[in-house]
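One-based numbering along the sequence shown. Reckoned from all heavy atoms, side chains included, excluding hydrogens, waters and symmetry mates.
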Amino acid sequence: MALNGAYRNGGSHRGSFKVDRPSHAASNLRSSSFKARPPIRRSTSASFGSNSNKYGDGVPGRVRVAVRLRPRNAEEQVADADFADCVELQPELKRLKLRKNNWDSDTYEFDEVLTESASQKRVYEVVAKPVVESVLEGYNGTVMAYGQTGTGKTFTLGRLGDEDMSDRGIMVRAMEDILADVSHEADSVSVSYLQLYMETLQDLLDPANDNIPFVEDPKTGDVSVPGATVVEIRNQSSFLEILRLGEAHRFAANTKLNTESSRSHAILMVQVKRSVVREEVLSGEEGEPSELGRPFRPLIRKSKLVVVDLAGSERIHKSGSEGHLLEEAKSINLSLTALGKCINALAESSAHVPIRDSKLTRLLRDSFGGSARTSLIVTIGPSPRHRGETASTILFGQRAMKVENMLKIKEEFDYRSLSRKLEVQLDKLIAENERQQKAFEDEVEKMHLEAQNRISEAERNFADALEKETKKCQMDYMDTVKKLEEKLVLNQSKIDHENSVRDNWSGQGGHVFAAEEVEVKKLLENEVNLRKAAEEEVNRLRHQLELNRQPNVGEESDVVKLTKGLEDEARQKKELEEEVIILRSQLSQLTLEAEQMRRCLDRGGADSGFSAYDTPTSPFRHSQLKETKSGHKPPVATLFEQVGLQKILSLLDSEDASVRIHAVKVLANLAAEESNQKRIVEAGGLISLLMLLRSYEDETVRRVAAGAIANLAMNEANQERIMAEGGISLLSLTANAAEDPQTLRMVAGAIANLCGNEKLQTKLRSEGGLKALLGMVRCGHPDVLSQVARGVANFAKCESRASSHGMSSGRSLLIEDGALPWIIQNANNEVAPIRRHIELALCHLAQHEVNAKEMISGGALWELIRISRDCSREDIRNLARRTLTSSPVFRSEMRRLRIEC
């Protein structure tokens, strides 16, 4: 991606950021001075104007400084074509080197180092996004750009991205994040856009308002501009319109250094008001929590984001400013000088900070040494003609990194919000109380009706039972009376008969009458007992009626039991549904496996041709140094005998690039012959090649040097020497940095040769060689992939041999580094060398039993089965069959899938 276009919206081109320009800086092996990142200093200054305020309840936060390099523009590409850049970036170390001359340079550390290829999104995320997040949390924040004119300050901060959305600057991206995080109902965002021109503060949104006064709070020291236009922002489109309006009113001019140079300092102020709620604990008289609970305290957080696009510093003899432009340049340089003095005083903890030397320093009072989180991005150019300006900009950033601010949140109690919230909560509580009261009354009425119904039903049941029992007792009583009357009549007749008999028999039969009397008495006693039993039954029924009138506890327990039974039934139903889902999933999986098995069994086709992967042949020979059929030696061999190896090695350090490249090619051709390799290594040729690989960025030199190292790596003795000299690390770095397929092919071939040495397996992986080999598959070129596949096969064969000899018991390092998916993907590659190397690698990996389960889960079993059936090489087919039949894990899986090898 290229970041092209004008810095000013709608204006002419001030420079562009291009990614595809190759770097002209080379690594300098000589010693250089080093200036480390300044340590975090506990400065006691609270702002530009005070050195007595301590931390208090604030949070210390150092000013973060990032440096961004602008790529060469069209003019510099022509004028400085024969010169290297004056700076060399080391973004991974967060350093840059400023060249003093061809031999020496100064090194500086920053919080972030952004190359010319850094995207606008990355610049925003590392420079401004932490500040924007702090502003949303309630802190003040400042993002400022400083640098020479034409180095990209306005592009970095104020680019709108109308033509390319990826070109959006910090202002646009910051507002996007703010609007996405705030609530449009409870929060507010407002914007003011100003410029400081010739020590006069002007409103970019209202050009008529061209002399805005400052207002300084005597207590806090905060500086505000109440006369500026304030616009409330609701959406991103309205903010973009404000930026366009402000840029149209900003002063700019054409100078020799910049076709549209900013002649004023642009200041964007974003005010954010957010409503937050803080939970508090109310304590009683003895310090215990109050019964009122945990109330919420509504607060308003007021924070401010200030984005400052400083006008570029310039030297008059370079910019060619005259007349009014000269006066503007003087004003710009004076204000920037005042800012530098303040930063120097703060960095050195000086007792006096010259805050009032310039309106710019008064406006930025809170940004340096104050309570704001500040990020500074310094922009520099690569041209050696402006080395002085670049050095001044770098030193400004270094001094700014020593300034430490005290971050504080500004909160105010929101009485109105609390009142509104309490009123809403009160209305809700009243409505909820009324609903609960109504529900309670309805429930009581319902329970009362149910109790009345139960009592009525119990009374009816008791009355029916009592009536039945009374009728039964009455019937029994009537029957008993009737029987007694019958017996009485019978007895009376007997008595009459007995009297007559007695009269006839004078005293005989008296004992018979006595027996009858005893029987009558027994019957009367039985009748009395029955009457008592009936009364007891009546009392029992009355007692049961009283019990029925009380709440029925048994029914509630029955309801609980019924509810529990329903819950158990629902849980059992859910378990059954889960089992059904599992069975359906297993059925789908078995169906898929069967379909895959059918396709694999139907797959056919024979491969033709195979070149052994472990043969130490090299694909990197530029020419074969063999005698021709006529008996004459080739020119390279003749040059070797006439000039000598030491002379060829000395030419590697020649200042002439063509001579150096030719010497590298000759050395690579000589290294292709095994008879020359020992002499080359003994004469220091290997070390010279490694130095070339380390120090030169020329693609041809790196490619040929890597090819020569690959030729030397065919010899086992040379392989250990390469590892001892750090060759694996250099080859890994080259593989990660190179993009040319031929260079990657040479590097991959060298690493592939090293992969065939069993002694170097662990060290090869620990120094990143294996990871670099696998990383080169990103190229996609068949030649590169072929060498990668050869290296993988060599590595797998060495692992298989080590496991068979009992020297290794763990799983394959290739599998641990994630190479298995790529191996399986390319096992049936249409390119024959790639396919055959991968087939051998799979066979060797499968011979180690520890790898079997992971290979099965990754799909390697199907490829092994295909190799055992369809591979054109008989030896590979037999190896695959032996592997499948000898592994218990593979045999078990094949039996499960009903596959015969």
Check this for me: does any side-chain nitrogen of one of [X] and [Y] sit under 4.0 Å from a carboxylate oxygen of the other?
X	Y	answer
Glu112	Lys94	yes
Arg244	Glu241	yes
Glu88	Arg95	no
Asp80	Arg385	yes
Arg99	Asp106	no
Asp181	Arg274	yes
Glu328	Lys330	no

With a 3.5 Å distance limit and no angle check, can you tell me whether [X] reaches the backbone of [Y] through a side-chain donor-acceptor pair?
X	Y	result
Asp187	Val272	no
Asp177	Val132	no
Arg68	Val378	no
Ser119	Arg122	yes
Asp85	Val87	no
Thr151	Gly147	no
Glu76	Pro384	no
Asp203	Leu205	yes
Ser105	Lys97	no

Applying side chain to side chain donor-acceptor pair (under 3.5 Å), can you list everything that pairs with [X], at least two apart in sequence or on another chain?
X	value
Asp210	none
Glu327	none
Thr142	Ser367

Ser183 and Glu185: side-chain donor and acceptor closer than 3.5 Å?
yes

If you measure only the distance, is there a donor-acceptor pair under 3.5 Å linking the side chains of Asp217 and Ser224?
no

Any pair counted as side-chain hydrogen bond (donor to acceptor under 3.5 Å, both in side chains), so long as it reaches residues 130-139, sequence neighbours left out
Ser134-Arg373

Report, one line per pair, each donor and acceptor closer than 3.5 Å where one atom sits in a side chain of residues 189-196; sequence neighbours left out.
residue	atom	partner	partner atom	Å
Ser192	OG	Thr229	O	2.9
Tyr193	OH	Glu247	OE2	2.8
Gln195	OE1	Phe251	N	3.4
Gln195	OE1	Ser264	OG	2.7
Gln195	NE2	Gln202	OE1	3.0

Could you tell me which residues satisfy ring pair (Phe, Tyr, Trp, His ring centres under 6.0 Å) with Tyr146, sequence neighbours excluded, listed by chain and number?
Phe396

